Amino acid sequence: MRVLVGYATAKGATRGIAERIATGLEQAGHTVDSRELSAVTSVGAYDVLVLGSAIHNGQWLPDAADALERLGPDLRGRAVWAYSVSSVGASSSLLSPRVARYLRRVTPEPKAVQALRASAADVRGHRFFAGTIAPGDWPGVGRIVFRLMGGHYGDARDWADIDEWVATVRAESDDDVR
Ligand SMILES: Cc1cc2nc3c(=O)[nH]c(=O)nc-3n(C[C@H](O)[C@H](O)[C@H](O)COP(=O)(O)O)c2cc1C
């Protein structure tokens, strides 16, 4: 299968996850292109799309949301897997465990993912992964809120969880081929 791993990143954590996903799918024998979503003008050549974005202020980055709008009609019927990279992932977090548990319960999917689900694309799944945060990444007030939420700087990407998710993408894509 031909797979596009498209992503939008501000500081690079999402690019690292996209590279891991691309490698996992290549190892399964798929032909994979990995691209920043701002550079994607057509997806007609791909059987499967794995699309992800960093989260700022609860939403996908404008580059990612704009790409979905631009590609709109092209997405019809295409298998799409989505992921979001934020402070709190499904299995790890940059915030305190208590805050993370709460946020997992109440945080809605980003609007871009909701729009994708409401579109004619064949959305197979969406997962939150935790990313990275360095001192200085947050603007002033954000830094204080981050601290109040028990935030710690560093890399909270859970590679085992990411690999497991890729295994799910692989398994479903293999089923499609059969
Ligand atoms: C300006 C800014 C806004 C952010 N807003 C959110 C947010 O609303 N929710 C959240 O969970 N994380 C938020 N984060 C944390 C990022 O999602 C996290 O750092 C992620 O790893 C960014 O991915 P990237 O390195 O690919 O840009 C924000 C980070 C920055 C710098």
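Each ligand, and each atom within it, is numbered from 1 in the order the structure gives. For reference, positions follow the sequence shown, starting with 1. What you are looking at is a predicted structure, and each value in this text was computed from that prediction instead of being measured.
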Practice task
Hey, could you give me the OG/CE distance between S87 and M149, rounded to the nearest 0.5 Å?
Solution key: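 The CE atom of M149 is 8.5 Å from OG of S87, to the nearest 0.5 Å.
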Practice task
Compare all side-chain heavy atoms of E164 with those of S91 and state whether any distance is below 4.5 angstrom.
Solution key: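 Sidechains of S91 and E164: no contact.
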Side-chain polar contacts of residues 48-60 - donor-acceptor pairs under 3.5 angstrom, sequence neighbours left out - could you list them?
unit_1: S53; atom_1: OG; unit_2: L61; atom_2: N; d: 3.0
unit_1: Q59; atom_1: OE1; unit_2: K111; atom_2: N; d: 2.7
unit_1: W60; atom_1: NE1; unit_2: S84; atom_2: OG; d: 2.9

Handout entry: Pocket residues of ligand 1, ordered first by chain and then by residue number (heavy-atom cut-off under 4.0 Å)
Key =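 Ligand 1 is contacted, at a heavy-atom distance under 4.0 Å, by T9, A10, K11, G12, A13, T14, A54, I55, H56, N57, G58, V85, S86, S87, G131, T132, I133, D137, W138.
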Handout entry: Donor-acceptor pair, side chain of R124 and main chain of W81, under 3.5 angstrom
Key =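 Flag not set: sc R124 to bb W81 has no pair under 3.5 Å.
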Exercise for the section: Keeping the roles fixed (side chain from H126, backbone from Y83), state whether a donor-acceptor pair exists under 3.5 Å. Expected result: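 No.
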Handout entry: Short side-chain donor-acceptor distance under 3.5 Å, Y46 and D33
Key =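 The criterion, which ignores hydrogens and geometry beyond distance, is satisfied for Y46 and D33.
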